[in-house]
Q: 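For reference, the structure I am asking about is given below.
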Amino acid sequence: MKNIALINALNLSDYAFKKVLEGESALERVYRYAKSLPDVEEIRIIMAEGRDQRNELRSFEGDVIEKSTVDKLFEYFRERARGFDNIFYFYGDTPFLDRRVTEKMYGDHRKYFAQYTFADGYPYGIAPEILDYEIVGILADMASSEGGKIERTSIFDVIKKDINAFDIETLLSPVDLRLLRVSLAADEKRNFQLIKRIFDLNGRDAESITSILQSKREILRTLPSFVSIQIVRDCPYSCSYCPYPNYLKKDIDARREMSMADFKRIIDMVESFSEDAYINLSLWGEPSFHPRIGEIMNYVLSKEKLKLVVETTGIGWQKSILETFQDREPIWIVSIDALNSDTYRHLKGEGFEESVETAEFLLERYPENTYIQAVRMKENEKELEAFYRHWKKKTNNVIIQKYDHFCQKLPDKRVTDLSPLKRFPCWHLQRDLYVLSDGTVPICREDLKREFLLGNILKEGIEKVWERGQEYYRDHVEGRYPEICKSCDEYYTYNF
């Protein structure tokens, strides 16, 4: 057998080059792993145009591909791996690639004459992908029209277009850790922080890392990645399934709207602390009602690593604002909840036509980034399938959201109980940060009475406020739950 190892180093982040893992960078550890692979006679680093001059890459044997698109990647495979039997493919920022796992995969790959072999159940970054060269040409032809950006799932994304046409072998992890959504790639600040924590706990291979992730789950809470901010208190509705009118909207301590200066301060803090995150508008209140909504949205979009999510009723928007965004697009979520005006009026009030009109405008202008949403509850269950089919004809981005009784503060209108049989630590405590219009940060959006506060981000800064949530998360890991969490039905839901 004669194999080649192809290491994807396209646009690696600076974290891949930090020498903090026993004096090595993630890329150096990956290259050392590549040299240990069975029957590998050549190792090549795949680089993008303009990146080949980077000092950290000069010492490696590399190839520059003309364009970082999926079709060009497969064309590169076809030409560069010619004459080799198999390709080992992996990224240059995954320092925990496990040689023993790879050898087991390779053994199965050969034993069962597989054309494509991958591992499942492990965290991302433990195992490579193995391709028999004989299918590379087929995949290149299948990907010839795929001009999109290369993703970490691009190989399998092409294969699954006609998955039954290939002989595929899967190595399953002894412990399925997919639920943790862990990525062991030095591609961003939070993942790099997790890698360092695992490394400091002597995690070196699949076995030790699996043990650490099971026994030390508190390390998974790194940095906030979803930040929901209340920019305005006003809302056109008093929805039957929303606690806002009876709790936060009448709170005399809350500001009517967040100032532009305070909003910028918060965004700058998030950018500095987390570097990348989803910024959600608005935690409570209709974002279109803020008098400077266009400026607010553009300020978030001016930050390269921040993504903007706008949850809206579709009411109150000026077309001139909706048409503003060209270079970078927000993610729009339009909550409609009903298929007809009668049901809409019962759930929310008047405004069905305007809400639908806004949704259709956004779908036309931002088809990839616009989502239509309905909360599933007893009142609209009978027409929900028709709602789904109606909007599915216009877009694949249809969200059916579970009903939230807000820790039993609202009547239970759930059609069914979706909660897992075994409870696990709350996703929102692990990943989310919620900021009210005066800068107050509750433990989560379920804390309607502000009984569990983490502080005020405008007065204390983001780091102190975020750190106070660690104690609550550690309690969840150990199976202890504050009173508000005991009756919560949202811990297993996940925001982006």
Q: Among Y106, Y89, F156, F90, exactly one meets ring pair (Phe, Tyr, Trp, His ring centres under 6.0 Å) together with F118. Which residue is that?
A: F156
Q: Not counting sequence neighbours, which residues clear side chain to side chain contact (heavy atoms under 4.5 Å, CB included) with A374? List them please.
A: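 Applying side chain to side chain contact (heavy atoms under 4.5 Å, CB included) to A374 gives D337, L384, F387, I400.
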Q: Could you tell me whether R204 sits above the aromatic face of F96, with NZ or CZ closer than 6.0 angstrom to the six-membered ring centre and within 45 degrees of the axis?
A: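 Geometry flag: not set, cation outside 6.0 Å or 45°.
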Q: Contact between W466 and R221 at the side-chain level, heavy atoms closer than 4.5 Å - yes or no?
A: yes
Q: Please find out if less than 6.0 Å separates the ring center of F166 from that of Y116.
A: no
Q: With side chains defined as the heavy atoms from C-beta onward, is the minimum distance between V182 and L194 less than 4.5 Å?
A: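 V182 vs L194: side chains touch.
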Q: To the nearest 0.5 Å, what is the distance between CG (L363) and NZ (K394)?
A: 8.0 Å
Q: Does NZ or CZ of R44 lie under 6.0 Å from the centre of the six-membered ring of Y76, at an angle within 45° of the ring axis?
A: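 Here R44 fails the 6.0 Å and 45° test against Y76.
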Q: How are the rings of F325 and Y366 set to each other: parallel, tilted or perpendicular (split at 30° and 60°)?
A: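 Rings of F325 and Y366: tilted, as their planes differ by 30° to 60°.
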Q: Going by heavy atoms in the side chains, are L139 and R78 under 4.5 Å from each other?
A: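 Of all side-chain heavy-atom pairs linking R78 with L139, none is under 4.5 Å.
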Q: Starting at OG of S225, measure out to CG of D276 and round the result to the nearest 0.5 Å.
A: 8.0 Å
Q: If we only count heavy atoms from C-beta on, is the K216 to I198 side-chain gap below 4.5 Å?
A: no
Q: Would you tabulate the side-chain donor-acceptor contacts of residues 79-86 under 3.5 Å, counting partners in other chains and residues two or more places apart, or write 'none'?
A:
from : atom 1 : to   : atom 2 : distance (Å)
E79  : OE1    : R82  : NH2    : 3.2
E79  : OE2    : R82  : NH2    : 2.9
R80  : NE     : D63  : OD2    : 2.9
R80  : NH2    : E42  : OE2    : 2.4
D85  : OD2    : K2   : N      : 2.7
N86  : OD1    : H109 : NE2    : 3.0
N86  : ND2    : N3   : OD1    : 3.1

Q: Working to the nearest 0.5 angstrom, can you tell me the gap between D447 CG and K409 NZ?
A: 7.0 Å
Q: Distance alone, cut at 3.5 Å: any donor-acceptor contact between the side chains of Q470 and E218?
A: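 Not at all, the side chains of Q470 and E218 share no donor-acceptor pair under 3.5 Å.
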Q: Please confirm whether the ring centroid of Y31 lies under 6.0 Å from the ring centroid of F60.
A: yes
Q: Closer than 4.0 angstrom, basic N to acidic O: yes or no for K104 and D108?
A: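 Result for this pair is yes, salt bridge flagged.
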Q: Cationic tip of R152 within the cone over Y124's six-membered ring, i.e. under 6.0 Å and within 45° of the normal?
A: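 The answer is no; the distance or angle limit is not met.
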Q: Using a 3.5 Å distance criterion without hydrogens, assess whether the side chain of N380 forms a donor-acceptor pair with backbone atoms of M377.
A: yes
Q: Quick one: do T222 and R197 satisfy side chain to side chain contact (heavy atoms under 4.5 Å, CB included)? Show the steps, please.
A: CA-CA 10 Å; T222 53; R197 288 177 178 179; 3.8 Å; yes
